[in-house]
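Working notes, structure below.
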Amino acid sequence: MTTSQSGKKYEFKTIEDKWQRFWSENATYRTTEDATKEKYYVLEMFPYPSGKIHMGHVRNYSIGDVVARYKRMRGYNVLHPMGWDAFGLPAENAAQKNNSHPATWTYANIDYMREQLRQLGLSYDWQREIATCNPGYFRWEQLFFIEMWEKGIIYQKVTTVNWCESCQTVLANEQVIEGCCWRCDQPVMPRKMNGWFFKITDYAEELLADLEKLTGWPEKVVTMQRNWIGKSTGLTCDFPVDGRDEKISIFTTRPDTIFGVTFMSIAAEHPLLDALLPGGENEDEIRKFIDQIITEKQRKSNEEEPEKKGIFTGRYCINPFNGKKIPLYIANFVLMEYGTGAVMAVPAHDERDFEFARKYGLDIIPVIMPEGMTLIGESLDQAYTGPGTLANSGDFTGLPSEEAKGRIIAHAVDHGFGAPHVTYRLRDWGISRQRYWGAPIPMIHCDSCGVQPVPREQLPVVLPEDVDSGNSRCDPLHQRPSFYTTTCPVCNGPARRETDTMDTFVESSWYFARYTCPRLTEAPIDRDKASHWLPVDQYIGGVEHAILHLLYSRFFTKVLRDLGYLTIDEPFTNLLTQGMVIKDGSKMSKSKGNVVDPHDLVAEYGADTVRLFSLFAAPPEKDLEWNAQGVEGASRFINRIYRFVENNSQSLTNTPSPGQVLSEADRNLHRRTHQTIRRVTENIENNFHFNTAISAVMELFNVLSNATEKEKRNTVDPYYVKEAMNTVLLLLSPMIPHFCSEMWERLERGSIETVSWPQWDAEAAAEERLTIVVQVNGKVRSRLEAPADIEDRPLIDMALTDDNVARFISGKEVKKTIVVKKKLVNIVI
RNA sequence: GCCUGGGUGGUGGAACUGGUAGACACCCGGGACUUAAAAUCCCGUUGCCGCAAGGCAGUGCGGGUUCGAUUCCCGCCCCAGGCACCA
């Protein structure tokens, strides 16, 4: 067209401002329940309001927004909310630094980040926005706490907890990553402390079993959760201590090896030791050893396993199965927290026991023989842990190990010294945090009445705004007498409020339910609305939450169901875990200096370009390598479409209906248009592979611009040009909504929001002629153009007479020919 | 060590259910336009051989099944993530 505007670019700033204002003024994405449409709840993990959005957010929310916009176009009533995971330590640190209040910092960040999200053109229903630090939100969490406590799902205990010195607070097991704090990466120390626990272990079995239902989750996440829950089935069995009344209870998953027990190992912290050690031969030495082990255990190194060591207690146990007398050792590798804190040792069939036995010269007696082999204790160089046939096992000798397990458990039950037992690796969720900026635990300690919940009408328990003498505005609650001094709701006597606040993972465990009724003041959850919208149809976020947040949310869903608030068993039907955004091969981080600020990019290229690139560069589940030149490419593509619309506005707006007979050029473009609709739809429906969806649209656009090049004398009826152009805009509109809205308005004088996702016409999409590959002995030798419906025989004849094919088969006998319809012919010689 | 993924051009990535390997894009090279540059447009772009037609090799490595393997099977190597004395 006219060369003067050949390099013209669209004004993204004007266009994006215009449409963001339009969507906001018209409340385009406001959602209410609508019985006439199928509901679709798409949710992205809400952000911590750290200050400004980063590339991970851009990616996460771009993906979610495409899903939301796509589903709207497919006719769903889409719920797509956004909010803030607003409690947490960084707010306290910032407040300390600026001598202000955590709330001030947090709300300022929220305002700034909300604006940043708005500038990305994300289609949220902002009316439903929630911030978890708002008492209107966390008051309901306090109510849940009280109801859970009343139901016995919450308890207090003093245990060794994971203490992070730098955060000055306790961490849950899940929050310790390789011995370090999940947030600040500093080493975690053990510390004895009183704290509040959620009995997530009561739900262990259901959390495990329901993983089966999560067919819309990545297998990887399901596996990680299954391993985290760590169910083991086996036998608990009592081994009497020789000459004493005490019995040592052990748990084993290998009851079939019980005749191979040659010693016992017990944890250094085991309470029975206090009864067993006094009066022994070298008690002092043993005590010293115990102290040493306990200190070493506390120095949880995140490197290699410490060397196994132990000490003989001087006591013996009796194996109840064969009456054998076996020595009792204290061993550093036995965990007090798992099973019973004591294990039967079968060195022939357990690697740890083997190592220990070799070190201390203990017997190794094989009792499981692998197929066709006879193991001999002295000559073993490692434990045999596989299945086999029992040997040296009394009445059980000769049984296969799997069968023997059941028979041996039954024997223990019959004789009253054992029982079948299931144990889990999962521990209860410690939620006490010794911090200020969190939801206060709504409990009161009274010396005469014990622990009492805050009366419901007194909720919420809010954070104190005032400053106690000598304290800063965010010092923890246990340093604030004006907060904790109270009276007992039962006896009215002096009492002390609980000063721990809740783990911030509690807030994020139920926010998806609150979005269905965010402003409700009478109750935490509107049952009708919740059951209308839940479960979340598509949840999207980073894999880093595979265990923490996703397990807690599943747990909370079941608890809230049991408390009568929810009617679902699982919160998230489909889960998409998007990969990280990386640059120069590693995760973007300040310390690496490879951070790309979305703010700068949006300013330079516009939101649509940034969105398009982050969707195009990789499929959502894979890591995305940020590439500045790739962003240029995305921008270039949008501008090419823009110039096409500019240069062809005449023919794109005035399109008389075409005649009945389509020219070949018409049919080709029309076909390509419908093939593209099919490809894009399938790419989105199957697995949200927007990268291939976008490349399909790029191909269509390339075909479209080639087909209309005057120099090539291609004449396509404007009607099909317009069909292709409109299709390009509709298919891209979930990804680059501002641009497509603007172009659509120019061409169609209407709002693209009201247009449905295009349907493909299977007939139009069908190929007329195909390229058929001809192979000779599986190697490609030629390609043929043939009608799509060609029969096998004429196709084979065509193949055999092809020049190049003939060269390869000349003088040789054709043994057979294979025809794959619409694909290839293979001639075997 | 165990459990997941994954390994394809210079780069990001495509390839339905065993059937044209490298779509789409980035980079790069060449050209057009321009006084010049940018922008834009066109052509080329897995390697090797060849003027070309075409040929040979090629999806981490080694085997196998098959008319045909990136795809299925067996044995290795490497990378990423998760778990890690869980009895």
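Small disclaimer: the values here were computed from a predicted structure and weren't measured. The chains referred to below are lettered A, B, ... by the order of the sequence lines, with proteins before strands, and numbering in each begins at 1.
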Sugar-phosphate, base or nothing in reach of A:Y424, heavy atoms under 4.0 Å
nothing
So that I know where these two stand, are A:F613 and A:Y605 an aromatic pair - ring centroids less than 6.0 Å apart?
no
Heavy-atom closest contact (A:T727 atom, A:T673 atom, distance):
OG1-CG2, 3.3 Å
From B:rG19, B:rA87, B:rC85, pick the nucleotide closest to the side chain of A:N332?
B:rC85
Over 60° means perpendicular and under 30° means parallel, so classify the ring planes of A:Y360 and A:F356, tilted if in between.
tilted
Any Lys/Arg nitrogen of A:E402 or A:K405 sitting under 4.0 Å from an Asp/Glu carboxylate oxygen of the other?
yes
Out of B:rG12, B:rG68, B:rA87, which has the shortest distance to the side chain of A:Y338?
B:rA87
So, applying side chain to side chain contact (heavy atoms under 4.5 Å, CB included) with A:S265, which one of A:I250, A:V343, A:L328, A:I330 is it?
A:V343
Pair partner, B:rC2 [Watson-Crick or wobble, under 3.5 Å]
B:rG82
Side chains of A:T577 and A:W217: closer than 4.5 Å at any heavy-atom pair?
no
Applying the Watson-Crick and G-U wobble criteria at under 3.5 Å, what pairs with B:rG54? Answer none if nothing qualifies.
B:rC49
Among the candidates B:rC27, B:rC24, B:rG13, find the nucleotide nearest to the side-chain atoms of A:E699.
B:rC24
Is the phosphate of B:rC41, meaning OP1 or OP2, less than 4.0 Å from a side-chain N or O of A:R636?
no
Determine the Euclidean distance between corresponding P atoms of B:rA57 and B:rA37; express it in Å to zero decimal places.
45 Å
Closest to the A:S232 side chain, choosing from B:rA87, B:rA57, B:rG19:
B:rA87
Using atom P of each nucleotide, how far apart are B:rC77 and B:rG29 to the nearest Å?
41 Å
Between B:rG55 atom C1' and A:Q775 atom CD, what is the distance in whole Å?
17 Å
Of the options B:rG54, B:rA39, B:rA87, whose atoms approach the side-chain atoms of A:T252 most closely?
B:rA87
If we ignore angles and hydrogens, is there a donor and acceptor under 3.5 Å between the side chains of A:N702 and A:R672?
no
Go nucleotide by nucleotide along RNA chain B from the 5' end; which of A:E625 and A:T771 gets its closest nucleotide reached first?
A:E625
Integer angstrom distance from the P of B:rG6 to that of B:rU71
13 Å
Distance alone, cut at 3.5 Å: any donor-acceptor contact between the side chains of A:R636 and A:N639?
no
Ranking B:rC16, B:rC41, B:rA14 by distance to the side chain of A:R640, first place goes to B:rC41
Would you classify A:N691 as touching base, sugar-phosphate or nothing, given that sugar-phosphate means primed atoms plus P, OP1 and OP2, and contacts are heavy atoms under 4.0 Å?
sugar-phosphate
Write down the distance separating the C1' atoms in B:rG10 and B:rU45, rounded off to the nearest Å.
10 Å
Separation of atom CZ in A:R807 from atom P in B:rA53, rounded to whole Å
12 Å
How long is the line joining CG of A:N702 and P of B:rA25, in whole Å?
5 Å
Check every atom of B:rC27, B:rA39, B:rU4 against the side chain of A:K220 and return the nucleotide holding the closest atom.
B:rU4
Give a yes/no on whether any side-chain N or O of A:R643 is located under 4.0 angstrom from OP1 or OP2 of B:rA39.
no
Donor-acceptor pair (no angle test) under 3.5 Å: A:K308 side chain, B:rC85 base:
yes
Is A:V773 touching bases, backbone alone, or none of the nucleic acid, heavy atoms closer than 4.0 Å?
base
Determine the interatomic distance between C1' on B:rU4 and the same-named atom on B:rA84; round to the nearest Å.
15 Å
Which part of the nucleic acid does A:G230 contact within heavy-atom distance under 4.0 Å: base, sugar-phosphate only, or nothing?
nothing
For B:rA36, which nucleotide is its Watson-Crick or G-U wobble mate, given both distances must be under 3.5 Å?
none
Is B:rC41 paired to anything, Watson-Crick or G-U wobble with both distances less than 3.5 Å, and if yes, which nucleotide?
B:rG31
Same-atom distance (C1') from B:rG22 to B:rG7, integer angstrom:
16 Å
Can you check B:rG9 for me, syn or anti if syn means within 90° of 0?
syn
Report yes if a side-chain nitrogen or oxygen of A:N804 is closer than 4.0 Å to either non-bridging phosphate oxygen (OP1 or OP2) of B:rG55; otherwise report no.
yes
In whole angstroms, how far is the P atom of B:rU20 from the CD1 atom of A:I772?
12 Å
In whole angstroms, how far is the P atom of B:rG19 from the CG atom of A:L795?
18 Å
Look at all strands and tell whether A:V543 reaches a base, only sugar-phosphate, or nothing, counting heavy atoms closer than 4.0 Å.
nothing
Select one nucleotide: of B:rC86, B:rG19, B:rA15, the one nearest the side-chain heavy atoms of A:R425.
B:rC86
Nucleotide B:rG13, atom P - distance to CZ of A:F690 in whole Å
17 Å
Determine the Euclidean distance between corresponding C1' atoms of B:rU59 and B:rC72; express it in Å to zero decimal places.
16 Å
For A:A618 and A:L624, which heavy atoms make the closest approach, and how far apart are they?
CB-CA, 4.3 Å
As its Watson-Crick or G-U partner within any shown strand, both distances under 3.5 Å, B:rG68 has none
Would you say the side chain of A:E219 and the base of B:rG5 hold a donor-acceptor pair, judged only by whether the two atoms sit under 3.5 Å apart?
no
Taking atom C1' in both B:rG60 and B:rC51, what distance in whole Å separates the two?
37 Å
For A:E351 and B:rA84, give me the distance from atom CD to atom C1', rounded to whole Å.
12 Å
Euclidean distance, atom CD of residue A:Q578 to atom P of B:rG81 [Å, nearest integer]:
17 Å
Residue A:M698, side-chain heavy atoms: nucleotide from B:rG19, B:rA25, B:rC86 that is nearest:
B:rA25
So what does A:N639 touch, heavy atoms closer than 4.0 Å: a base, only the sugar-phosphate, or nothing?
nothing
Compare side-chain N and O positions of A:R781 against OP1 and OP2 of B:rC56 and report whether any pair is under 4.0 Å apart.
yes
Below the 4.0 Å mark, does B:rU11 have OP1 or OP2 next to a side-chain nitrogen or oxygen of A:K583?
no
Take A:A696 and A:V780, find for each the nucleotide of RNA chain B with the closest heavy atom, and name the residue whose nucleotide sits nearer the 5' end.
A:V780
